[in-house]
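In what follows, a structure is listed as structure tokens, so that the remarks can point back to it.
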Amino acid sequence: MKCLVVDDEPIAREILESYITDMPGLSLVGSCNSALQAMEVLKKQSVDLMFLDVNMPRLSGIELLRTLESYPAIVLTTAYPDYALQGYELDVVDYLLKPFSFERFLKAVQKVESRVLVSVGATRQLIVKSDKKTWPIEMDDIRFVESIGDYVNITTVGRKILVHETLKNIEESLPRGQFFRVHKSWIVSRGAIEFIEGNYIMSGTTSIPIGKSFKDEFMIWLNK
């Protein structure tokens, strides 16, 4: 997961940077000393998890979240416990009270990971955030996924959900036998394919292109 650290205290940033570096599966893509700086990073960089300090000058962490239309998974960090309720109202994943240990940091990361892909009995779900809401999506309901700039549009049986996420991260969360990336901008479910004509897949009224570099492997996958 791509991580962003936002804290006005240099020591606090250094601790989080060290924890992220030591944690397999995490990569640090930015470290900001203000919420305003973080806003600029979020515009340019794909972020999966943001460690966000609550108390910062000019614009607090809570105020930052309220200004954003969408944001990645959030773990709030602060020396004051009074902000926990506000944070959970904004659907943050966890709340780290400073000073926190690496063990407590690890638990927060595990909570974030559990949101990405969970198993409920025999049914697998994709858990995503959109419009400040958390959406559990049944894998069998997903028809196709399209990349649109810094977002992906997940089309299900009943709705479309626009998520601030990379197509690669979504691809890694989907079961390989059921889904295939057929184009640099498209992933399709096996069950959504009605027919193939030339270099296009028809799914209802949607025409999905098959990329030249994907076609051979896609046809092998389709015939398995």
Inset, instruction - State, with a plain yes or no, whether a side-chain heavy atom of His164 is found less than 4.5 Å away from one of Asp150. - result: yes
Legend entry - Validation row: Leu126, Ser173 side chains within 4.5 angstrom (heavy atoms): yes
Legend entry - Pair Glu40 + Lys43: basic N to acidic O under 4.0 Å: yes
Legend entry - NE2-NZ distance between His183 and Lys215, expressed to the nearest 0.5 angstrom: 13.0 Å
Inset, instruction - Salt-bridge test for Lys168 and Glu172: reply yes if a basic N is under 4.0 Å from a carboxylate O, no otherwise. - result: yes
Inset, instruction - Report the distance from atom CG of Asn55 to atom OG of Ser60, rounding to the nearest 0.5 Å. - result: 7.5 Å
Legend entry - Cluster link Ile137 to Met139, ILVMFWY, side chain under 4.5 Å: yes
Legend entry - Considering all heavy atoms, the nearest Tyr200-Ile210 contact: N-CD1, 4.1 Å
Legend entry - Asp7 versus Asn33, side-chain donor and acceptor atoms under 3.5 Å: no
Inset, instruction - Would you give the length of the straight line joining atom CG of Leu36 to atom CE of Met56, rounded to the nearest 0.5 angstrom? - result: 9.0 Å
Inset, instruction - Measure the shortest side-chain to side-chain distance between Val6 and Val41 over non-hydrogen atoms and say whether it is less than 4.5 angstrom. - result: no
Legend entry - CG on Leu16 to CZ on Arg13, rounded to 0.5 Å: 10.5 Å
Inset, instruction - Would you sort out whether Met23 and Val109 count as a side chain to side chain contact (heavy atoms under 4.5 Å, CB included), showing the intermediate values? - result: CA-CA 9 Å; Met23 180 71 188; Val109 172; 4.2 Å; yes
Legend entry - Nearest-0.5 Å distance, CE of residue Met202 to CD1 of residue Ile208: 8.5 Å
Inset, instruction - Report the C-alpha distance between Trp186 and Arg181 in whole Å, list the side-chain angles of each, state the deciding distance to 0.1 Å, and finish with yes or no for side chain to side chain contact (heavy atoms under 4.5 Å, CB included). - result: CA-CA 6 Å; Trp186 290 84; Arg181 186 167 183 172; over 6 Å; no
Inset, instruction - Work out which heavy atom in Val182 is nearest to a heavy atom in Pro209; give both atom names and the distance. - result: CG2-O, 3.6 Å
Legend entry - Student check: side-chain heavy atoms of Val47 and Met1 closer than 4.5 Å: no
Inset, instruction - Would you indicate whether the side-chain heavy atoms of Thr156 and Arg143 approach each other to under 4.5 Å? - result: no
Inset, instruction - Kindly work out whether a path of hydrophobic side-chain contacts (I/L/V/M/F/W/Y, heavy atoms less than 4.5 Å apart) joins Val112 to Leu106. - result: yes
Legend entry - Interatomic spacing from CG in Asp53 to OG1 in Thr77 - rounded to 0.5 Å: 4.5 Å
Inset, instruction - Begin from the C-alpha positions of Leu4 and Cys32 and carry the test side chain to side chain contact (heavy atoms under 4.5 Å, CB included) through to its verdict. - result: CA-CA 8 Å; Leu4 176 65; Cys32 305; 3.8 Å; yes
Inset, instruction - Grab the two heavy atoms, one from Leu64 and one from Leu52, that are nearest each other, plus how far apart they are. - result: CD2-CD1, 3.8 Å
Legend entry - Non-hydrogen side-chain atoms of Val29 and Cys3 separated by less than 4.5 Å: no
Legend entry - Contact summary for Leu42 and Pro72, nearest pair of heavy atoms: CD2-CD, 4.2 Å
Legend entry - Glu165 with Lys129: basic N within carboxylate O range, under 4.0 Å: no
Inset, instruction - Considering only NZ, NE, NH1 and NH2 on the basic side and carboxylate oxygens on the acidic side, decide whether Arg159 and Asp141 come within less than 4.0 Å. - result: no
Legend entry - For the student: nearest non-hydrogen atoms of Ile74 and Tyr71, plus distance: CG1-CD1, 3.6 Å
Inset, instruction - Could you check if a side-chain atom of Ile196 sits within less than 4.5 angstrom of a side-chain atom of Leu222, using non-hydrogen atoms only? - result: yes
Inset, instruction - Give a yes-or-no answer on whether the side chains of Gln178 and Asp140 include a donor-acceptor pair shorter than 3.5 Å. - result: yes
Inset, instruction - Indicate, with yes or no, if Tyr151 and Ile170 share a hydrophobic cluster defined by side-chain heavy-atom contacts under 4.5 Å among Ile, Leu, Val, Met, Phe, Trp and Tyr. - result: no
Legend entry - Qualifying residues under ring pair (Phe, Tyr, Trp, His ring centres under 6.0 Å), relative to Phe105, sequence neighbours excluded: Tyr19, Phe51, Phe102
Legend entry - N/O donor-acceptor pair under 3.5 Å between Ser130 side chain and Leu162 backbone: yes
Inset, instruction - Give a yes or no on this: more than 12 heavy atoms of other residues, nucleotides or ligands lie within 6.0 Å of atom NZ of Lys98. - result: yes
Legend entry - Single-linkage hydrophobic cluster Ile11~Val5, side-chain heavy atoms < 4.5 angstrom: yes
Legend entry - Ion pair check, Asp94 and Arg104, cut-off under 4.0 Å: yes
Legend entry - Derivation and outcome, side chain to side chain contact (heavy atoms under 4.5 Å, CB included), residues Val145 and Leu167: CA-CA 8 Å; Val145 184; Leu167 192 65; 3.7 Å; yes
Inset, instruction - Identify the heavy atoms of Val93 and Ala73 that sit nearest to each other, and give their distance. - result: CG2-CB, 4.0 Å
Legend entry - Non-hydrogen side-chain atoms of Thr206 and Thr155 separated by less than 4.5 Å: no
Legend entry - Single-linkage hydrophobic cluster, 4.5 Å side-chain cutoff, Leu65 and Leu59 together: yes
Inset, instruction - Apply side-chain hydrogen bond (donor to acceptor under 3.5 Å, both in side chains) to Ser203 and Glu194, showing your working. - result: CA-CA 5 Å; Ser203 182; Glu194 295 183 15; 5.0 Å; no
Legend entry - Cation over ring face, Arg190 and Trp221, 6.0 Å, 45°: yes
